[in-house]
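Everything on this sheet refers to the single structure shown next.
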Amino acid sequence: MNSAFGGSEKIWINAQIATMNPQVKTPYGLLKDHALGVKNGTIALITPMQDLDINDFQGEIIDAQQQYLTPGLVDSHTHLIYGGQRSAEFSKRLHGATYEEISRAGGGILSTVNATRALGEDELAEQARPRLEALIHEGVTTVEIKSGYGLTFEDELKILRTAKKLAADFPIRLRTTLLAAHAVPPEYINDSDRYIELVCKEMIPLVATEGLADAVDVFCEKIAFSPAQSELVFAAAQKAGLGIKVHAEQLSNSHGAELAAGYSAWSVDHLEYLDEAGIKAMKKSGTVATLLPGAFYFLGETKKPPVELLRQYQVPMALASDLNPGSSPLASLLLMLNMGCVLFGLTPEEALQGATRHGAMALGSEKQIGTLSVGRNADMVLWNIEDPAQLAYQFGTDLLVQRIFAGDISHA
Ligand code: NIG
Ligand code: FE
């Protein structure tokens, strides 16, 4: 290969590259009329078309025809491995019951726990497969999957193993998170401290040694775990060298975000009730604010996350699907871009950043994914659009021309 092409094996030419790289000082980090070369699954070259003598190139040439290349989408918060579905609970809510009431009556998360415990790894994977396929088909190239519907040692491990097995069948990067502290299991209903002890002393060390999870998450909320219990989980995760995430300030302000920021959490998620003290702490620790407009929409919430204040403090905002059976059964990250703008007032650029670079940061993976620059993984999408804002503006039409995973065209 000619060294003028950075050793590239394959080059996309005539592309509008929305790099999402903050060092490129244009909206979306846009580089007009550029070429992008890949080698061994990573980006080897980004250069203006006018500087490229493509006649000398001996590898594969793909003409982007002035369409837009963006980083592959990053869905940094999902619970996509679970058994069953909860449309009956949806009906109950539409007859007046609240999400919290259903949860306190033993429905909600615990009903999915029963359905998930009843399934083996293969059945669980089969049920989750269409959800993962839906994300992949719209351009997601990295997905985070949490456990959290097992709530026993074996069932939590089963979910993490299922996630790994399922993802291995697809061209997708997977990050897994242990969310054993998602709800108090029925077996520990009067002794949640003892369950937290099991999570901290046994589950976290084991998933760390076996490489089953990259991070640990907790649902810090009145209907789940207290700030003091959450802190024990953060400390155990830190000790095990795992990333830290938290479901916080979704239904009330428990100050879980501030607490997690004190442990240098990768992200704090939901955040409708987040206050300024929490935001200050996140700014200090470099923690990402992950907004989940699907859950806000699906639960009919009215309190919005403090987007303007997050902007003022320049806290990076990620957007994710929260794909789960109870609060966001919505297998579309592009829909979240639209909702992030319409419901939360994000700009289309902030929305795309949330599903690329900031999503990558929320997974501690910004050095590998989330932007298009030399050395990053060549995970990209080529879109049939006239403006990157169209990704947040339009929903339901198939805008994807090519999905590229590690330099290979996986869908076209
Ligand atoms: O992210 N907030 C807690 N966990 C999920 C909902 C889980 C469920 O209702 O099954 C969420 O919204
Ligand atoms: Fe969630």
Side-chain angles (χ1 to χ4, degrees), residues 75-90 92-93 97-117 127-128 131 135 143-151 155-156 159 163 175-185 215-225 230 233 244-254 256-257 260 265-274 288-301 303 305 318-331 333 336 339 359 362-363:
D75 195 348
S76 62
H77 180 145
T78 87
H79 309 241
L80 77 76
I81 308 276
Y82 59 81
Q85 52 82 28
R86 305 223 304 261
S87 57
E89 173 184 320
F90 179 53
K92 270 191 197 145
R93 282 203 292 109
T98 68
Y99 182 74
E100 276 182 272
E101 281 163 8
I102 292 167
S103 161
R104 288 186 197 285
I109 294 175
L110 288 183
S111 67
T112 300
V113 168
N114 291 332
T116 304
R117 285 182 179 179
Q127 292 198 10
R131 299 190 276 268
L135 295 178
V143 67
E144 184 253 20
I145 299 181
K146 300 174 195 297
S147 67
Y149 291 117
L151 309 186
D155 289 303
E156 286 294 299
I159 295 171
R175 298 288 184 266
T176 48
T177 300
L178 177 75
L179 175 59
H182 191 196
V184 180
V216 174
D217 196 340
V218 191
F219 189 16
C220 180
E221 191 62 67
K222 283 184 222 144
I223 56 170
F225 296 96
S230 302
V233 177
I244 292 170
K245 300 169 84 69
V246 65
H247 284 65
E249 314 354 335
Q250 179 187 10
L251 308 169
S252 61
N253 186 359
S254 315
W266 282 348
S267 75
V268 301
D269 304 34
H270 283 289
L271 306 177
E272 280 79 353
Y273 289 82
L274 178 66
V288 173
T290 300
L291 307 182
L292 305 168
F296 171 91
Y297 156 86
F298 194 73
L299 296 182
E301 289 288 347
K303 185 152 171 64
L319 265 185
S321 70
D322 195 16
L323 176 47
N324 77 71
S327 70
S328 187
L330 308 167
L333 190 54
M336 300 307 134
M339 286 183 177
L363 298 176

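Numbers here simply count residues along the sequence, with the first being 1. Counting starts at 1 for both ligands and their atoms, in listed order.
To the nearest 0.5 Å, atoms CZ (R86) and OG (S327) are separated by 8.0 Å. Between L274 atom CG and K303 atom NZ the span is 9.5 Å, to the nearest 0.5 Å. Separation of atoms CG (L333) and CG (L323) is listed at 10.5 Å; rounding is to 0.5 Å.
A cation-pi arrangement is present between R131 and Y82 under the rule of less than 6.0 angstrom and at most 45 degrees off the ring axis.
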- prompt: Given the rule in the side chain to side chain contact (heavy atoms under 4.5 Å, CB included) test, do Q85 and T112 qualify, once you have shown the distances and angles that lead to the verdict?
  reply: CA-CA 7 Å; Q85 52 82 28; T112 300; over 6 Å; no

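Ligand 1 lies under 4.0 Å from heavy atoms of H77, H79, R86, Y99, I109, Y149, H182, F219, H247, Q250, H270, D322, N324, G326, S327.
Remark: Y99 pairs with no residue by the ring-ring contact (aromatic ring centres under 6.0 Å, His included) rule, at least two apart or across chains. Among residues two or more places apart in sequence or in another chain, the ring-ring contact (aromatic ring centres under 6.0 Å, His included) test is passed with F225 by none.
Panel detail: the Fe ion (ligand 2) has protein N, O or S atoms under 2.8 Å away, 4 in number.
Checked by atom type, the side-chain pair T176/E144 shows no donor-acceptor distance below 3.5 Å.
The two residues L330 and S321 have their closest heavy-atom pair at O-CB, 3.9 Å.
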